[in-house]
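This report concerns only the one structure given below.
Predicted model only: the values in this text are computed from it and were never measured.
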Amino acid sequence: MAAVQWHSRARRYESELQSCGLEVAPVEFSDYHPLKSITVTDSKSRRGARKGSTSSSSSSSSSAAPDPLSSMLDGTDPLSMFAAASASESPLTLSQSSSTGDLGRGKRREKEDEVGVDFEPWSSKRGEILARFTTTEKLSINLFMGSDKGKAPSLASSAVSEKVRTRLEELDDLEEGSQRELLNLSQQDYVNRIEELNQSLKEAWASDQKVKALKIVIQCSKLLSDTAVIQFYPSKFVLITDILDTFGRLVYERIWSMCSDPRPLPDPCPDSFTADEVNDTAKETCLNWFFKIASIRELIPRLYVEVALLKCNRFLTKCGIQETVPRLTAMIRGIGDPLVAVYARAYLCRIGMEVAPHLKDSLNKNFFDLLGTFRQIHGDSVQNQLVLQRVEIPVYLTLYSPAIHWILQCVSYRAPEALLTEMMERCKKLGNNALLLNSVMWAFRAEFIATRATDFIGMIKDCDEAGFPKHLLFGSLGRSLACADPPEAERLPILNEAWKVITKVRSPQDYINCAEIWVEFTCRHFTKREVNTVLSDIIKHMTPDRAFEDAYPQLQSVIRKILTYFHDFSVLFSMERFLPFMDMFQKDSVRVEVCRSIMDVFIKHQQEPTRDPVILNALLHVCKTMHDSVNALTLEDEKRSLALLINGFIRMVSFGRDFEQQLSFCVEARATFCNLEPVLVQLIHTVNQLAMETRRVMRGSHSRKTAAFVRACAAYSFITIPSLTSIFSRLNLYLLSGQVALANQCLSQADAFLKAAVSVLPEVPRSISIEGKLRSSEGFLLDFINNFLSALLVVPDHPEAGVLFLVRGLLNMVQDYTWEDNSDAKVQVYISALPLLAAMSQESYLYSIPKVDSNETLYGGDPKFLAEINKLCETLIGQVLDHLKTLGRDESVHRQGSLAFSLFGCLLAHGDLRNNKLNQLAVNLWNLSHKQGYCNTRTSVRTLEFIKHQAQQPDMAHFSDMLQRLTLQSRT
């Protein structure tokens with residue numbers, strides 16, 4: 001080690017920068033450029049063309065590069081090509097072209113009548129009905145499953161009369177066989193039993209017990225005639241029709257699978273084939289199913305099972321469905337119970353929309369038949385039943401809603417506006433039946449309802465409130481007006497008329513359900529004055545007896561709707577009743593969720609920083625609510641999410657040139673958000689930015705006041721950083737704050753930050769948790785030390801601390817730190833320190849800070865200072881060489897070669913290789929790094945090219961001699 005004599009190479013940074021610059025060459029516009037549009041020419045020679053003939057080739061060019069996705073838009077995608085190929089292979093002859101064209105036009109007409117994605121499917125309503133219509137009463141299931149005795153096998157050659165007799169025997173056996181009754185079932189038990197029946201149906205079908213499957217379906221259908229527990233009927237309907245749907249699908253797929261002879265049908269979709277393409281066997285089987293259904297004696301099971309198989313009519317005749325739907329519609333007129341009848345119509349409309357949505361006349365007739373049954377609701381039979389079951393008429397009427405809504409949805413789908421006019425007239429003839437009026441407003445397009453909003457309000461006023469409360473009607477009207485705008489002149493009268501009814505609702509739950517709907521209409525069309533009035537009325541109704549505790553979802557919806565339309569928070573918080581409204585959110589989780597939604601909107605829509613005291617005070621309160629929800633059980637993801645929102649708020653606060661007010665805000669925020677470390681980190685960054693902005697703005701004026709303020713900012717950071725738990729957050733912020741202090745000529749503060757960083761380094765653990773996983777901290781520590789070393793170049797030595805006191809302190813820490821076993825990190829730090837020391841020995845530093853005298857000015861090239869640098873460099877090199885010897889003894893040749901090459905590169909870039917001993921050391925390091933052939937060959941070649949280039953520079957002849965002694969080896 002004593003033989004090593006370090007001398008730093010004198011650097012001329014400006015000339016080196018110029019020599020490394022790219023050469024500038026003039027470029028003509030006609031020359032090639034990588035961003036220039038590409039012309040592609042495709043030449044295809046015709047067969048037999050003359051060689052070299054231009055007329056025998058076709059060329060195509062484009063001004064842009066061919067886009068691989070463009071073929072997706074020009075009809076040449078794989079699906080289009082497949083369709084074209086299929087068309088070319090079609091067995092149709094030319095004489096069939098006209099009929100094919102007619103068929104295509106017919107299918108296009110049918111496509112226009114198909115149900116689109118804008119039609120809300122039944123599946124989306126199913127769960128809502130099951131959740132809404134429940135009961136605590138006991139339920140029962142009566143099943144007459146029949147016996148299997150006395151069945152004679154039917155022969156394929158039997159006469160038709162024999163087949164009919166066999167069917168009747170099967171159906172008689174089905175109805176006269178064994179009886180199974182399940183009593184005192186809870187709602188969940190009932191649901192489980194129905195699910196078991198559905199599974200039994202599938203199992204029976206899979207085991208080829210088709211008659212048993214039909215028995216299950218018939219007996220389940222009979223349950224729909226039972227209204228003993230009337231509140232549960234809509235849910236029962238959903239469960240039973242699931243079984244019917246399963247049965248209908250199984251039968252249809254079975255018949256379709258029989259159509260494979262002589263060739264399979266193109267697709268199980270009913271629109272993809274005609275009855276003429278169905279073979280006789282499939283038709284016979286289909287007829288057999290319909291004959292069995294026709295033999296069912298009771299109306300309700302016969303009706304439901306035939307509706308379930310409605311799609312199978314496609315196998316028989318082209319007009320089968322068109323002829324069957326009106327007949328089924330007429331059959332429903334025989335059902336005496338209006339509730340049972342309306343759900344039967346709903347099921348027919350549902351299946352009808354699936355298989356023949358173009359049969360609008362049948363759907364309309366179904367609905368008009370429904371209108372004729374409304375008077376039955378007030379008949380003695382229904383009234384006696386309600387008295388017996390102790391069900392109020394308003395509750396009873398709500399049972400009709402799912403069925404009527406669905407029927408009207410089918411009727412109104414893509415219907416003209418004239419149909420709504422007809423419906424309104426029929427409602428008036430029925431005395432403005434509230435149940436029907438409610439369903440009409442639910443079903444028809446919002447635009448149609450909005451244009452007639454005033455007419456609907458008049459009809460609502462004339463309704464009898466005893467059976468169906470008016471606030472429910474106004475709720476339905478409000479839903480339409482939230483989606484479409486009524487005429488501008490009618491908006492205020494509409495709101496006034498609606499709110500007259502809403503504010504008189506006594507039940508807090510009914511009130512908020514309706515008020516929440518109309519809040520959107522109010523926000524959409526009116527100012528903060530009207531919205532504030534609505535909020536005041538909601539507070540008045542929901543505060544007594546803490547009714548708001550049962551209405552958090554609706555109250556949250558009110559907040560969301562207000563935030564949707566009011567993005568100016570100065571307007572929002574100027575509403576007198578907004579913050580009192582928020583005070584109703586007493587449940588912690590709900591209150592935090594509301595605060596999150598407010599902050600989301602603020603961060604998304606606040607374009608400019610604000611200093612509005614109203615906004616700041618309100619949002620500080622909102623953010624404090626989120627912060628105070630954090631506890632020991634809060635997940636890290638939740639903490640990060642809350643911290644992001646609070647940081648977004650902090651970044652949007654600006655007091656302009658009132659820097660003291662800005663710092664006061666940060667002090668208050670630090671006390672408020674002390675439990676969220678990312679927020680404290682953001683505050684420290686904000687204060688550092690504030691210090692830099694202060695120096696920039698106040699440059700040359702009030703220097704003492706500015707310096708005092710910057711010191712106050714430094715004190716803020718110095719006090720806050722130790723409270724952080726993340727060790728690397730502390731290290732990086734100490735370094736950043738020290739750099740900011742140095743840039744503002746606060747040298748003592750800068751020294752304090754940098755010394756604090758050095759003192760914290762021994763606390764760095766060997767592993768840290770990152771996203772829940774333990775990772776080695778060594779790489780992060782090396783990155784920080786390298787950044788720290790680069791900052792030390794411009795930090796002047798403290799007059800009382802000695803030469804290079806920060807560098808020595810850092811290196812001492814590195815020496816004493818407990819590194820990982822078999823780690824080269826300590827030696828890597830030593831090698832990284834050599835460029836810093838070499839830069840410190842230059843007459844002029846690579847970079848400096850204005851108005852800060854670095855060591856280049858303090859020492860002015862003092863020989864003693866340079867001697868200290870050289871001595872320290874020799875010590876570091878000696879440590880590296882000792883480590884290399886140790887690696888050689890341990891046979892860690894790969895690590896040894898890598899470190900040797902790193903030190904060689906450092907000597908090459910920063911050492912004065914005119915010194916023979918240093919030059920020889922560099923050659924030895926090169927040879928050592930290439931001894932085992934582990935060095936990267938490409939890197940080695942580029943290094944040799946660099947040395948060769950340097951050798952051509954003035955005063956660099958010694959590189960030529962060294963180059964002759966460097967050999968390139970590779971591992972084979």
Test salt bridge (Lys or Arg N to Asp or Glu O under 4.0 Å) applied to Asp912 and Arg914, step by step: CA-CA 5 Å; Asp912 186 358; Arg914 289 174 297 185; 3.0 Å; yes

Stepwise side-chain hydrogen bond (donor to acceptor under 3.5 Å, both in side chains) check, Ser790 with Asn787: CA-CA 5 Å; Ser790 65; Asn787 290 335; 4.9 Å; no

CA sep, side-chain torsions, deciding dist, call: Gln920, Asn924, side-chain hydrogen bond (donor to acceptor under 3.5 Å, both in side chains): CA-CA 6 Å; Gln920 184 59 45; Asn924 293 341; 2.9 Å; yes

Working for side-chain hydrogen bond (donor to acceptor under 3.5 Å, both in side chains), residues Arg711 and Gln749: CA-CA 7 Å; Arg711 286 195 293 271; Gln749 283 77 14; 5.6 Å; no

Residue pair Phe718, Ser737: steps toward the side-chain contact (heavy atoms from CB on, under 4.5 Å) verdict: CA-CA 8 Å; Phe718 197 78; Ser737 301; over 6 Å; no

side-chain contact (heavy atoms from CB on, under 4.5 Å) evaluation trace for Phe901 with Asn936: CA-CA 10 Å; Phe901 193 79; Asn936 186 283; over 6 Å; no

side-chain contact (heavy atoms from CB on, under 4.5 Å) evaluation trace for Thr686 with Gln682: CA-CA 6 Å; Thr686 301; Gln682 175 63 44; 3.3 Å; yes

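In this structure, Phe665 and Phe649 have perpendicular ring planes: the angle between them is above 60°, well past the 30° mark. Between Phe659 and Phe709, the angle of the ring planes lies from 30° to 60°, which puts this pair in the tilted group. Relative ring orientation between Phe753 and Tyr734 is described as tilted, the plane-to-plane angle lying within the 30° to 60° band.
For the side-chain contact (heavy atoms from CB on, under 4.5 Å) criterion with Leu792, the lone passing option out of Leu836, Leu837, Asn855 is Leu836. With respect to Ser823, the side-chain hydrogen bond (donor to acceptor under 3.5 Å, both in side chains) criterion is satisfied by exactly one of Arg895, Gln828, Glu778, Arg766: Glu778.
The closest side-chain heavy-atom distance from Val852 to Val794 is not below 4.5 Å. Two residues are said to be in side-chain contact when any heavy atoms from C-beta on lie closer than 4.5 Å; Lys826 and Tyr830 meet this criterion. Contact check for Ser629 versus Leu642: side-chain heavy atoms found under the 4.5 Å cut-off. A 4.5 Å side-chain heavy-atom check between Met626 and Leu676 finds every atom pair outside the cut-off. By the 4.5 Å heavy-atom criterion applied to side chains, Leu761 and Tyr817 are not counted as neighbours. A 4.5 Å side-chain heavy-atom check between Ile947 and Thr943 finds at least one atom pair inside the cut-off. A 4.5 Å side-chain heavy-atom check between Tyr13 and Gln842 finds at least one atom pair inside the cut-off. Counting only heavy atoms from C-beta outward, the side chains of Leu735 and Leu754 approach each other to under 4.5 Å.
The CG atom of Leu619 sits 10.0 Å away from the SG atom of Cys595 when rounded to the nearest 0.5 Å. Between Leu733 atom CG and Phe728 atom CZ the span is 13.0 Å, to the nearest 0.5 Å. Atom CD1 in Ile646 sits 8.0 Å away from atom CE in Met599 (nearest 0.5 Å).
Between Glu693 and Arg696 there is a salt bridge, since a side-chain N of the basic residue sits under 4.0 Å from a carboxylate O of the acidic one. The pair Glu945-Lys948 does not meet the salt-bridge criterion, since no charged nitrogen lies less than 4.0 angstrom from a carboxylate oxygen. With salt bridges taken as basic N to acidic carboxylate O contacts below 4.0 Å, none links Lys755 and Asp751.
A donor-acceptor pair is defined here as one N or O able to donate and one able to accept, closer than 3.5 Å; such a pair exists between the side chain of Ser929 and the backbone of Trp926. Under a 3.5 Å cut-off, the side chain of Tyr845 and the backbone N or O of Ala839 do not form any donor-acceptor pair.
Side-chain atoms of Gln879 and Thr875 form no donor-acceptor pair, as typed in the model, at a separation below 3.5 Å. Side-chain atoms of Ser723 and Arg670 form no donor-acceptor pair, as typed in the model, at a separation below 3.5 Å. Side chains of Glu677 and Thr725: a donor on one and an acceptor on the other come within 3.5 Å.
No more than 12 heavy-atom neighbours from other residues, nucleotides or ligands sit within 6.0 angstrom of NZ on Lys624. Within a 6.0 Å radius of CZ in Arg808, more than 12 heavy atoms belonging to other residues, nucleotides or ligands are found.
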